[in-house]
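Quick caveat: nothing in here was measured; it's all calculated off a predicted structure. Sequence lines set the chain letters: A, B, ... in the order given, protein chains first and strands last, and positions in each chain run from 1.
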Protein chains: 4
Amino acid sequence: MDQIQGDAPGKLSAKRAERLERILNAAEQCFAESGFHGASIGSIAKACGMSVGHLYHYVENKEALIEEVIRRELGRHMQRLTELESAEPGDLVDELVAKVAETILHETDLFRTVLNFETLAEAQRNPKVAEVLQEFDGRMRLRFSEILRRSGVPHPEQKTELIFTIFGGLPARALRHPEQERTIITDTIVPVMRRILSDRTTD
Amino acid sequence: MDQIQGDAPGKLSAKRAERLERILNAAEQCFAESGFHGASIGSIAKACGMSVGHLYHYVENKEALIEEVIRRELGRHMQRLTELESAEPGDLVDELVAKVAETILHETDLFRTVLNFETLAEAQRNPKVAEVLQEFDGRMRLRFSEILRRSGVPHPEQKTELIFTIFGGLPARALRHPEQERTIITDTIVPVMRRILSDRTTD
Amino acid sequence: MDQIQGDAPGKLSAKRAERLERILNAAEQCFAESGFHGASIGSIAKACGMSVGHLYHYVENKEALIEEVIRRELGRHMQRLTELESAEPGDLVDELVAKVAETILHETDLFRTVLNFETLAEAQRNPKVAEVLQEFDGRMRLRFSEILRRSGVPHPEQKTELIFTIFGGLPARALRHPEQERTIITDTIVPVMRRILSDRTTD
Amino acid sequence: MDQIQGDAPGKLSAKRAERLERILNAAEQCFAESGFHGASIGSIAKACGMSVGHLYHYVENKEALIEEVIRRELGRHMQRLTELESAEPGDLVDELVAKVAETILHETDLFRTVLNFETLAEAQRNPKVAEVLQEFDGRMRLRFSEILRRSGVPHPEQKTELIFTIFGGLPARALRHPEQERTIITDTIVPVMRRILSDRTTD
DNA sequence: CATGAATGAGGCTTCATTCAT
DNA sequence: CATGAATGAAGCCTCATTCAT
């Protein structure tokens, strides 16, 4: 069910895979610079040193290309969860908070990307994109709440929703109030997260 | 602030104002349906029963039109603050939380719009839009934190940042996990807000 | 239900009509030269001294353009029936045959056009075109058999089918055996037609 | 007659012949579905499980491919004459009519093919195709009129022209008035043919 | 004030054909 | 023999914008 055409099962000759990779990288860059609809296929082709016609040997559609770029991005978000999962339960809350804080401060927090808003805007109009987004979010929720559960945090699903809401709000905050970004994270978000996670009450 | 052309010196005739209003309404609707780059000037002209040429008598540019639509939207966000300001300090925290909860539940929370993500994406690329966004956010922060201060909430600026982060995260959450939206607000966000606002400690 | 867009009811400003006419003429010529799919919109635009973009103000689609050209052609076929209808019943068979023979010899027989085969080929794949074709044929059958009936020809519907079959076969014959075209008409088709029409038996 | 490339001197290896056959079959099918200009070489290659590059080892050109497909089709038309030729002169007219009627009713009458109109349209523009068409028609005329002569039909060439005209008109009739097709053949065409063939007068 | 005619560039996509492997 | 990578032109169509009326 891959978005990208061809994909002879098994084969996918290294060359083909490498080309596709190059295309996706170029597309990502162009989309980040000009938006999904501002970037032209021509510009993407040029960015990866390929003729337009050739690009279409690897990609079925502009839409499919957008979708695949989004998928890759979301996949990267997912991968960031892996480091959190490796934390030992026990003093886990502290460690978790520390790691999360660090992540956020390095601008790699769970939902941040240049394409973040582009993607969300697209999801409002393109049901396929919405579906992809929701599917990924579902898997991330599952994994994150499992981490919380292992750490003894009560109501892990609820806490996950809350924390994801805050994470999801950070990129917008950064755009609306850039100077404050760092401060708000260290001074406010981190303590709040600590409190959320260490709170043993039932709310 | 005169993105829009013509501003006849002194006052802009009622007729002119009414036309502009119609254009902006149509533009808003078209942009919401198809995105800033997906909607054509032609479609907007048709949507407000106007010829393309005539529309250009009122609007300098597509870009200016986008900017003005964004400005209007942000203005509406601002207006929603007004009702909060009318609350009496005293039992203000309770009232505030109640009002905020109500607002959110009616899908009119402070940052939610169909054009929300469209706008944020645009702000990433268009410095003028970014500036507008930041200017409005600054004024909203000021007013909101003033409300908090009047209610005796400590660290009002910090709390404002935190609450704005959460508000800003809600629309994204709604897109990523639609089924949960209502529940998370009533069960999680509202209690959290209450705790944030009634907390008298210094963090 | 016109194929061509715009057509503000009533108005259709003479100018607009004249432009459309020019477009259709150019299209007809280009299609005749290169076929429906061999002729490009660009070539048509150039042929009528218009920019491509402008042409699209008058025509919705290449498909719609093809359809309208076909409709016009079929309309002309229909018009040729009018002269036949003016014949006085009485010695009508003779006159009819004479007129038909004359028509054929001037290469304007009922189904002949450069676009004839192009149209038939298109009808095989495009149901809309097929429908148009069948609708026109129905009306022509009706009118032609009515002429026959007025002339006292028995089984007018059947004769109509037979004569239309022969007419429909002539253009193909002309392509397959060009040298013979004239001869076959005068020496063979005309006598056959005469016999078909004057035959009072029931077959 | 060597539209197709390669013709290894002497004989073309069985393998080569088989490949070519497969290509022509695929091409025929694709052309029938999408028309000569609508079908792409790529689609034909896919339809015969061959790579595009490989296909070009057997075929020089798209144009040559079209021409060869046409040639094959016309060849099949010719072959249908063979069964008519086997009829014994004597009661030949009856038998002939019967056979022809049967042929027509099975939609295999002498000029009917899905590619019929496509071919005729092409012949109007491509002189090479026109030439092929005329050459085949000449040979068919010769053979058919010979059959008539053997059966004692007077003016066999003239009758041939007439009958070929009717045959050539049938497929168009079928497109223009589909419901009537069967009826017109059995009720009208067959009797007419019988009369044409058994008529001993000089017209 | 108001229309919509007009443009030309640019976007997405497809295609016939060639060539390196 | 066989593949499919690669190209570049061309096709259809849309769009923001301007201008004559």
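Thr119(A) contributes a side-chain N or O that, together with a main-chain N or O of Leu115(A), makes up a donor-acceptor pair within less than 3.5 Å. Between the side chain of Asn126(C) and the main chain of Lys128(C), a donor-acceptor pair closer than 3.5 Å is present. Checked by atom type and distance alone, the side chain of Ser34(C) never pairs as donor or acceptor with a backbone atom of Phe31(C) at under 3.5 Å. Between the Lys62(D) side chain and the Phe36(D) main chain, a donor and an acceptor come within less than 3.5 Å of each other.
Going from atom CD of Glu63(D) over to atom C1' of dC15(E) covers 16 Å, rounded to whole Å. The distance between atom NE2 of His54(D) and atom C1' of dA20(E), rounded to the nearest whole Å, is 17 Å. We find that CD1 of Ile23(C) is positioned 12 Å from C1' of dA5(E), with the value rounded to whole Å. One atom, NZ of Lys62(A), and another, C1' of dG10(E), lie 12 Å apart when rounded to the nearest Å. For the pair Glu60(B) CD and dT17(F) P, the interatomic distance rounds to 9 Å; values are reported in whole Å. Whole-Å rounding puts the His37(D) NE2 to dC12(F) P distance at 13 Å. What separates CD of Glu18(A) from P of dA5(F) is a distance of 12 Å, to the nearest Å. When rounded to the nearest whole Å, the span between CE of Met50(B) and P of dG4(E) equals 13 Å.
Comparing atom distances between the Ser40(C) side chain and each of dC15(F), dT18(F), dC12(F) picks out dC12(F) as nearest. Counting only heavy atoms from C-beta on, Ile41(C) has its side chain closest to dC13(F) among dC13(F), dT3(E), dA2(E). When the nucleotides dT17(F), dC12(E), dG8(F) are ranked by their closest atom to the side chain of Ser51(A), dG8(F) comes out on top. Comparing dC12(F), dT18(F), dT13(E) by their nearest atom to the side chain of Tyr56(B) picks out dT18(F). The side chain of His57(D) has dT3(F) as its nearest neighbour among dC15(F), dT3(F), dA16(E).
As the counterpart of dT21(F), dA2(E) is assigned, both hydrogen-bonding distances of the Watson-Crick or G-U wobble pattern falling under 3.5 Å. The partner of dT14(E) is dA9(F), by the rule that a Watson-Crick or G-U pair needs both atom distances under 3.5 Å. As the counterpart of dT7(E), dA16(F) is assigned, both hydrogen-bonding distances of the Watson-Crick or G-U wobble pattern falling under 3.5 Å.
Taking 4.0 angstrom as the limit, Arg19(B) places none of its side-chain polar atoms (N or O) nearer than this to OP1 or OP2 of dC1(E). Close to dA5(E), at under 4.0 Å from its OP1 or OP2, lies a side-chain N or O of Arg16(C). Phosphate proximity of dC12(F) to Asn61(C): absent, as no side-chain N or O sits under 4.0 Å from OP1 or OP2. Look at Tyr58(B) and you'll find a side-chain N or O under 4.0 angstrom from OP1 or OP2 of dA2(E).
The nearest heavy atom of DNA chain F to Ala39(B) and to Gly53(D) marks one nucleotide each, and the one closer to the 5' end goes with Gly53(D). Each of Gly42(A) and Gly42(D) lies near DNA chain E, and the nucleotide nearest Gly42(A) is the one positioned closer to the 5' end.
Judged by distance alone, the side chains of His37(C) and Glu122(C) do bring a donor and an acceptor atom under 3.5 Å apart.
Taking CG of Asn25(C) as the start and CD of Glu28(C) as the end, the distance is 6.5 Å to the nearest 0.5 Å.
Contacts of Ala45(A) with the nucleic acid, taken as non-hydrogen atoms under 4.0 Å apart, are absent.
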